[in-house]
Every structure is written in structure tokens, then in C-alpha cells.
Amino acid sequence: MFSAVVSACRAPDLRRKILCTLGLLALYRLGAALPSPGVDYRSVRECIAIVSGGESAGIYQLINLFSGGAMLHLSVFAIGITPYITAGIIIQLLTVVIPRFEELRKEGQTGQAKMTQYTRYLSMALAVLQASTLVALAARGQLLRGCPKDILSDTSLFGMIIIVLVLTAGAALVMWFGELITERGIGNGMSLLIFTGIAAQLPSQGTAILNSRGGLIFAGVCVAVFVVIVGVIFVEQGQRRIPVQYAKRVVGRKMYGGSSTYLPLKVNQAGVIPVIFASSLLYLPQLLVQLTQHSSGPQAKWQELIQKYLVNPGSPAYVAIYFAMIVFFTYFYVAVTFNPQERADEMRKFGGFMPGYRPGKPTADYLSYVLSRITLPGAVYLGAVAVLPNLLLGAGSSGPTAGLAFGGTSALIVVSVGLDTIKQLESQVMNKNYEGFLR
């Protein structure tokens, strides 16, 4: 593998792509560490040290993890790539509801360019909304609840508008970085930015687990993470290959078709999207409690129930709800993104058929049957990967998201992005007649 990487670096065009990708990732990490104007960076660091692992910052830990720790520091790239990911998911789901989006999706490259433009517009709107919410919470002292210091040096309207504009511009720049990596670099730009943010959090969160829980627990976490990574690699590579035969066609004096291939259906057809959906929805009740809770006075009954069952990741109710939501969103997302009838029509259009099944509805029914069979183990696998680290780290942890960088969501994203990037680099190396990674 390393010899193939060295061979890829010797090719001028591949070396240029690798350096472009590494350079943009370095700029992304630089912006994640650069404080925004009007933010007292020293006070932010002290407040994070005070409330570290507490419930006051738990609601933001998932997004903060994806931004590489930039969100709670209110840096220039505090918003990160989250608005673009959310906008992409929304546009993809709206494709089923809005006929215009469905028509654009079928138009090929031109329609895809239009969809990308709509995604950018929606991303900027979400970035403005998220930046305004973040600055408002910071001004009210609710971003890092429990810290007595003010993290904003200028709480005037003009000062907060400047911070919102800087955070929105940072989100636009991060979105441009991701698209630039996809076009001129190696791998998917958005995925690599998330990968970089998670990888940047591993040393600090590993040290926190070691200091707070001891060496034995830390060693157990490392072994569990290794087992999760091996399991993720095994399942992510798993697929059901359905044989497809293409009939021979004579066009002029040439004969086309007559080849045999297969239609790959991955076991984890939905990726990490169901886990992100479930995690986001489970954080909404905690966000509601934080926004409605008063600094003085007892909690309401419904607030106590949420704190007891929907905040602690080690509680059986939390684990059961989290697992059930992941299974539901896996089936939902696969049903939205994969249409068996469209695949059957595409095969019939190009003269393809599955041996033993007639083109058209019988083919679509068989694809639906196979997809429903492999979606169940994929959903259980996603739920197990997301829940097992919670059971390990939830009991006795100081916060609802302690050690999140070592969680199943992070391992799933890191391994998936790593495998995808290696495959893309391998394909480009093979095109240059170099020896690939797999022998």
C-alpha cells in the first residue's frame, strides 16, 4: 500500500492533486483555530475548561465534533460544513416531494448543476440561521452554561452582526474548500473535511478519557474502537451482487452488448445519514430544556423526565429510542434514495435483464425483495455501532457526549471516508499503470 502511495506521488498530476487536498485541509484547520472578531478567545478557553464534559455543552458536541472543535471556540469556521450537509439532505428528500426536483435529477449533468446551486443557496440560509443562533446563545450566556465569564467582548447589535457575517462567510469558504477538493483533489471534499474535524479531536478526547477514567478504561475503549473499526470495514465492504445480462445489439457493422455484469447492493445502503438524523433528533429535547430552563427555581416535571431518560446515553430508555430511530431512518432513507422501479426501467432501456426474471415489474419486485432483506442487517449494524460505545462510555461519564470522538458515529465516518478515499486513489493509480493497493 505504501509503495503504491509513493508511486502515486511520483506522478505529476496525482502529486498535484494530493498536495492540493492536503493544502486545503491545512487551511481548513487554520481557519478552525482562528478566533472571530469580537470574541474573547481567552475567556472561551477558560469557559470550555470549566464546563468540559458537562451537560451545558452536550447539545453542541455532535456539530462541534464535525467542525473539529471550532464551534464552541467561535472561530472563523465555527459553523463548518454542517449547513451544506443539512441542505444536501433536505434537497435530496425534497426530490421525492417536488416534481421539479425530480425532473432536474433526470436531466443528467445540467440538472445536477441546478440542484447543486439550490443546495448552495439553502446552505447559506441555514448558515445565517445557525450563526445567528450561536451568537445569540453566546451573548445570553447559554452557549457554555455554568461559566461566569462573558465570551463576547462586544455584545452590541453591530458587533453581533459582524460576528454573524464572519461565521457565515466562513461557512461559505468551507463549502468552497469541499467542492474544490472534490473537483481538483482526491476523494470527496465534504467527507474529508468531516474526517479532518473528527481526527483533530481524537488526541484531546483520548487524553480526557485517560485522565478522567483511568488507564484500564482507556485501554478498554481502544480495544472496543479497534473491534468497531474492523466490523465497520467488514460490513462496509459487504454487498449483494445481482447478476445482470445485456443482450447483443447490432448497430451498423458493429455489435454491442452481450456482456455479463452485476448490480451491487451494499449492506449499508444508507451510510451514516440515519445515525446523524437520530442523533440530531435526540438532541432537540435537551435543547428545549436548556432554552426553557431558568437559572433559579426547580425544574418542571417534563424537564426532569427529559433529563433522566433522553440526556444520559447510558440509560436503557435512551439506548432503546436511539436504536429504534436508527433502524427507522435506515429504512426511510433507503426507500427515498433507491427506487427499484427506476433501476428496472434503466436496465430494460439498455437491453439488460436479470436471469430468471422478466424485465419491468418482476425485476423491480425482485430488487425490492432483496433490498428489504439486506436493509435489516444494515440497520441493526448501524444501531449496534452507534449504541455500543454509548454503553461503554455512558456509565459514569460526566456528560452526555463524553468521548464522542471515540463513538460509533465517528468510527463509522472515519472508516467510510478512509475506504472511499483509498478506492479513489487506487483507481487513479491503476489508470497510470501502477500497482494497486489490493493484490
Side-chain angles (χ1 to χ4, degrees), residues 88-109 111-112 115 188 191 231-249 256-278 323-385 412 415-416 419-420 423-424 427:
I89 295 173
I90 292 175
I91 293 295
Q92 195 171 19
L93 295 178
L94 288 180
T95 304
V96 186
V97 181
I98 302 178
R100 172 59 179 168
F101 287 177
E102 181 69 20
E103 295 175 2
L104 288 176
R105 190 175 65 85
K106 294 180 179 180
E107 288 181 4
Q109 188 173 1
Q112 187 63 35
M115 297 287 288
N188 184 280
S191 301
V232 168
I233 293 176
F234 179 77
V235 178
E236 289 294 326
Q237 297 288 82
Q239 56 183 220
R240 171 71 182 273
R241 298 182 176 182
I242 300 178
V244 179
Q245 182 74 31
Y246 284 92
K248 295 181 180 180
R249 295 179 300 158
Y256 297 91
S259 60
S260 298
T261 182
Y262 60 88
L263 176 65
L265 296 179
K266 294 183 62 177
V267 175
N268 182 22
Q269 193 78 14
V272 75
I273 299 300
V275 181
I276 296 177
F277 276 178
F323 187 87
M325 291 178 66
I326 291 175
V327 173
F328 169 77
F329 281 120
T330 301
Y331 275 94
F332 175 77
Y333 191 76
V334 169
V336 169
T337 57
F338 187 91
N339 191 337
Q341 187 62 47
E342 289 185 1
R343 298 299 173 92
D345 293 340
E346 290 176 0
M347 283 192 292
R348 181 169 58 180
K349 179 180 178 181
F350 293 101
F353 63 93
M354 293 186 302
Y357 297 91
R358 298 184 55 166
K361 190 176 184 304
T363 299
D365 293 340
Y366 178 72
L367 289 177
S368 300
Y369 170 75
V370 173
L371 191 64
S372 63
R373 292 282 299 274
I374 66 174
T375 301
L376 179 60
V380 174
Y381 145 76
L382 284 178
V385 169
L412 185 62
V415 175
S416 301
L419 289 175
D420 181 66
K423 288 180 181 179
Q424 291 194 29
S427 64

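As the structure is a prediction and not an experimental result, all values here were calculated from the model.
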Practice task
Please round to the nearest 0.5 Å and tell me the distance separating atom CZ of R100 and atom CD of E103.
Solution key: 6.0 Å
Fill in the blank from the handout: Interatomic distance, CD1@I242 vs CZ@R343, rounded to 0.5 Å, equals 10.5 Å
Handout entry: Euclidean distance, Q237 CD relative to N268 CG, rounded to 0.5 Å
Key = 11.5 Å
Practice task
Rounded to the nearest 0.5 Å, what's the gap from CD on Q239 to CD1 on I374? Could you check?
Solution key: 9.5 Å
Handout entry: Main-chain N/O of R358 paired with T363 side-chain donor or acceptor, under 3.5 Å
Key = yes
Practice task
Please confirm whether the backbone N or O of K266 pairs with a side-chain atom of Q269, one donor and one acceptor, at under 3.5 Å?
Solution key: yes
Practice task
Return the orientation label for the Y366 and Y369 ring planes: parallel under 30°, perpendicular over 60°, tilted otherwise.
Solution key: tilted
Handout entry: Heavy-atom side-chain contact between F338 and L265 under 4.5 Å
Key = yes
Fill in the blank from the handout: Heavy-atom closest pair (A379 atom, I326 atom, distance to 0.1 Å) is O-CG2, 4.3 Å
Practice task
Determine the minimum heavy-atom distance between P362 and P359, stating which atoms define it.
Solution key: CD-O, 4.0 Å
Problem - Shortest non-hydrogen contact between P340 and A364, atoms and distance - result: CB-O, 3.6 Å
Practice task
Look at atom CZ of F332 and say whether more than 12 heavy atoms of other residues, nucleotides or ligands are closer to it than 6.0 Å.
Solution key: no
Exercise for the section: State, to 0.1 Å, how close M354 and P243 come at their nearest heavy-atom pair, and which atoms those are. Expected result: CG-O, 3.5 Å
Practice task
Give, for atom CD of E346 and atom CG of L263, the distance between the pair rounded to the nearest 0.5 Å.
Solution key: 9.5 Å
Practice task
Tell me, with the steps shown, if Y381 and V267 meet side chain to side chain contact (heavy atoms under 4.5 Å, CB included).
Solution key: CA-CA 9 Å; Y381 145 76; V267 175; 5.8 Å; no
Fill in the blank from the handout: Closest non-hydrogen contact found for G360 with A344 is O-CB, 3.6 Å
Handout entry: Interatomic spacing from CD in Q245 to OG1 in T261 - rounded to 0.5 Å
Key = 10.0 Å
Exercise for the section: Let me see the working for R348 and D345 under salt bridge (Lys or Arg N to Asp or Glu O under 4.0 Å), right down to the final yes or no. Expected result: CA-CA 5 Å; R348 181 169 58 180; D345 293 340; 3.4 Å; yes
